[in-house]
Participant: 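The structure is given below, and queries will be raised subsequently.
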Amino acid sequence: QRPWAEPYKIKAVEPIRMTTREYREQAIREAGYNTFLLRSEDVYIDLLTDSGTNAMSDRQWGALMMGDEAYAGARSFFRLEEAVREIYGFKYVVPTHQGRGAEHLISRILIKPGDYIPGNMYFTTTRTHQELQGGTFVDVIIDEAHDPQANHPFKGNVDIAKFEALIDRVGADKIPYINVALTVNMAGGQPVSMANLREVRKVCDRHGIRMWSDATRAVENAYFIKEREEGYQDKPVREILKEMMSYFDGCTMSGKKDCLVNIGGFLAMNEEWILQKAREQVVIFEGMPTYGGLAGRDMEAIAQGIYEMVDDDYIAHRIHQVRYLGEQLLEAGIPIVQPIGGHAVFLDARAFLPHIPQDQFPAQALAAALYVDSGVRAMERGIVSAGRNPQTGEHNYPKLELVRLTIPRRVYTDRHMDVVAYSVKHLWKERDTIRGLRMVYEPPTLRFFTARFEPI
Ligand SMILES: CC1=C(O)/C(=C\N=C(/C)C(=O)O)C(COP(=O)(O)O)=CN1
């Protein structure tokens with residue numbers, strides 16, 4: 001079998017260095033056992049996130065010099081608008097500084113206090129902006145998504161019965177839109193099938209409910225449809241993505257993932273009244289409608305990234321590199337979310353550390369232990385990320401208690417994946433020595449970014 005190689009060669013490099021174990025034990029203590037609080041220079045292989053950490057191409061770096069920094073009507077905005085129209089198919093676009101900027105705008109425009117927003121599993125910033133407008137997020141994802149070992153090909157799917165039950169319970173006029181994330185980050189980077197999108201669209205049409213997408217990793221979703229859904233094997237990913245987005249009325253987008261840029265996002269839509277509202281709001285919160293908190297050069301880089309992200313060789317390698325890491329862990333009998341997701345390998349911390357109860361933060365403890373073992377930085381995606389229920393003040397107890405090994409696009413080689421696999425396997429052998437944590441500082445919202453812990 002001819003070996004896989006990256007569909008690119010390296011033009012610039014950024015040295016990374018290994019530290020000593022005692023140095024890392026000190027560093028994680030100072031970071032309050034929270035990998036978000038580590039200094040980047042103390043990290044060897046950074047798998048915290050694929051957001052904004054991706055490598056730009058020579059054409060994107062070149063595009064920066066073409067940035068039109070005019071305050072209004074910049075040429076670069078129209079380049080971005082054209083790329084969104086051509087690749088995503090939406091009529092209108094409003095740039096924002098990043099994804100949560102777009103989530104903020106659409107939540108303000110469409111959500112009234114007391115509304116319900118169904119979605120396929122929560123995402124932290126998305127739910128926070130819905131709650132800030134007095135909305136309530138309701139999870140309508142299929143049950144399999146909450147089972148790390150359930151090997152369903154489209155775990156991101158909306159459970160139509162759950163969606164319709166919510167409509168029956170609260171009435172369509174209390175549901176401004178359903179938010180369908182492509183892929184589902186917190187479920188383990190899991191895709192939604194085209195057939196499911198068609199079903200959701202039918203329910204939305206029947207009840208006059210808008211269908212919105214969180215399209216942050218929609219290209220990875222398109223690749224899984226190509227691989228797993230009947231009738232799509234021979235279609236280019238670009239065509240599959242266009243069809244996926246054609247079922248939606250609009251989307252929020254964090255360009256920091258699929259679009260291969262370090263900053264940037266946008267709100268795209270087909271209805272002109274939403275465009276007008278977004279333009280009114282964007283000048284308050286982000287900037288002019290033709291720059292939305294971004295420099296002209298950023299919009300040029302996003303536009304170029306939008307064309308590059310649908311290259312079939314690029315996205316095939318991207319997905320296979322994540323799978324290459326995941327398969328090494330599966331072979332060693334290590335519990336990870338299956339099927340292996342699009343942007344990360346998710347360790348099942350509950351199965352990895354059965355001796356640590358969830359309110360001693362097993363995923364947080366495992367991420368800290370991994371860093372100490374090898375300088376690899378991962379992200380907690382469990383009870384800490386799930387935050388507290390705004391009504392009761394109690395922890396939300398998610399079924400999924402995960403550690404996310406998130407692979408940036410076009411940054412690491414498969415040799416780095418081997419180093420990560422070696423470290424996780426070493427930890428697996430020593431898992432009984434890992435202890436639970438207690439939270440010693442807890443911020444009021446999105447606590448996982450800045451909370452601090454101590455070993456019990
Ligand atoms: C699915 C989804 C995300 O994954 C997301 C941000 N994700 C981060 C930062 C991550 O580490 O996964 C956001 C927010 O985007 P932003 O980080 O504000 O550009 C929205 N939707």
Side-chain angles (χ1 to χ4, degrees), residues 34-36 38 40 43 46-54 94-107 117 119-132 137 139 141 145 155-156 179-192 212-221 248 250-268 285-286 292-294 298-299 301-302 305 322 337 341-346 363 367 377-382 384-387 400 402-409 411 445-450:
N34 183 348
T35 53
F36 279 97
L38 285 167
S40 158
V43 171
D46 199 348
L47 305 186
L48 182 74
T49 180
D50 64 324
S51 180
T53 54
N54 307 294
V94 173
T96 59
H97 76 285
Q98 58 183 70
R100 65 200 76 176
E103 293 174 332
H104 175 217
L105 296 184
I106 198 61
S107 301
I117 305 90
N120 51 346
M121 202 176 284
Y122 89 99
F123 184 71
T124 54
T125 54
T126 319
R127 185 175 63 185
T128 298
H129 281 291
Q130 292 167 351
E131 290 173 352
L132 285 175
F137 165 77
D139 187 1
I141 202 166
K155 280 174 117 171
N179 188 61
V180 183
L182 306 167
T183 58
V184 182
N185 191 351
M186 301 305 268
Q190 303 295 321
V192 178
W212 214 264
S213 175
D214 175 343
T216 295
R217 296 182 183 85
V219 175
E220 296 173 1
N221 199 106
F248 289 98
C251 77
T252 54
M253 183 67 200
S254 170
K256 298 172 76 168
K257 288 80 166 173
D258 268 356
C259 304
L260 297 159
V261 289
N262 303 122
I263 192 69
F266 56 80
L267 183 66
F285 295 106
E286 301 282 320
L294 296 172
D298 294 322
M299 292 189 283
I302 300 171
V322 179
V337 171
H343 65 300
V345 174
F346 289 72
R377 174 158 70 168
M379 188 190 281
E380 191 273 1
R381 297 278 80 169
V384 180
S385 298
L400 296 177
L402 309 174
V403 171
R404 189 182 70 177
L405 303 171
T406 337
I407 315 300
R409 296 166 185 79
V411 169
T445 44
L446 295 174
R447 63 185 179 180
F448 55 93
F449 282 120
T450 57

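For the numbers below, each heavy atom of this structure counts, side chains included, while hydrogens, waters and symmetry mates do not. Count residues from 1 along the sequence. As the structure lists them, so they are numbered: ligands from 1, and atoms in each ligand from 1.
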Participant: So if I only count non-hydrogen atoms and take anything under 4.0 Å from ligand 1, which residues does that give, chain by chain?
Facilitator: T49, S51, Q98, G99, R100, E103, F123, T125, N185, D214, T216, R217, S254, K256, K257, M379, R404
Participant: Please tell me whether R381 and N185 have a donor and an acceptor in their side chains that are separated by less than 3.5 angstrom.
Facilitator: no
Participant: Which atom names give the shortest non-hydrogen contact between F137 and Y122, and what distance separates them?
Facilitator: CZ-N, 3.3 Å
Participant: If every non-hydrogen atom of P408 is compared with every non-hydrogen atom of L47, which pair is closest and at what distance?
Facilitator: CD-CD2, 4.0 Å
Participant: By the definition salt bridge (Lys or Arg N to Asp or Glu O under 4.0 Å), identify the one residue from K257, R409, K256 that meets it with D50.
Facilitator: R409
Participant: Is the charged tip of R100 near the ring of F123: under 6.0 Å from the six-membered ring centre and within 45° of its axis?
Facilitator: no
Participant: Where does the angle between the aromatic ring planes of H104 and H129 fall among parallel (under 30°), tilted (30 to 60°) and perpendicular (over 60°)?
Facilitator: tilted
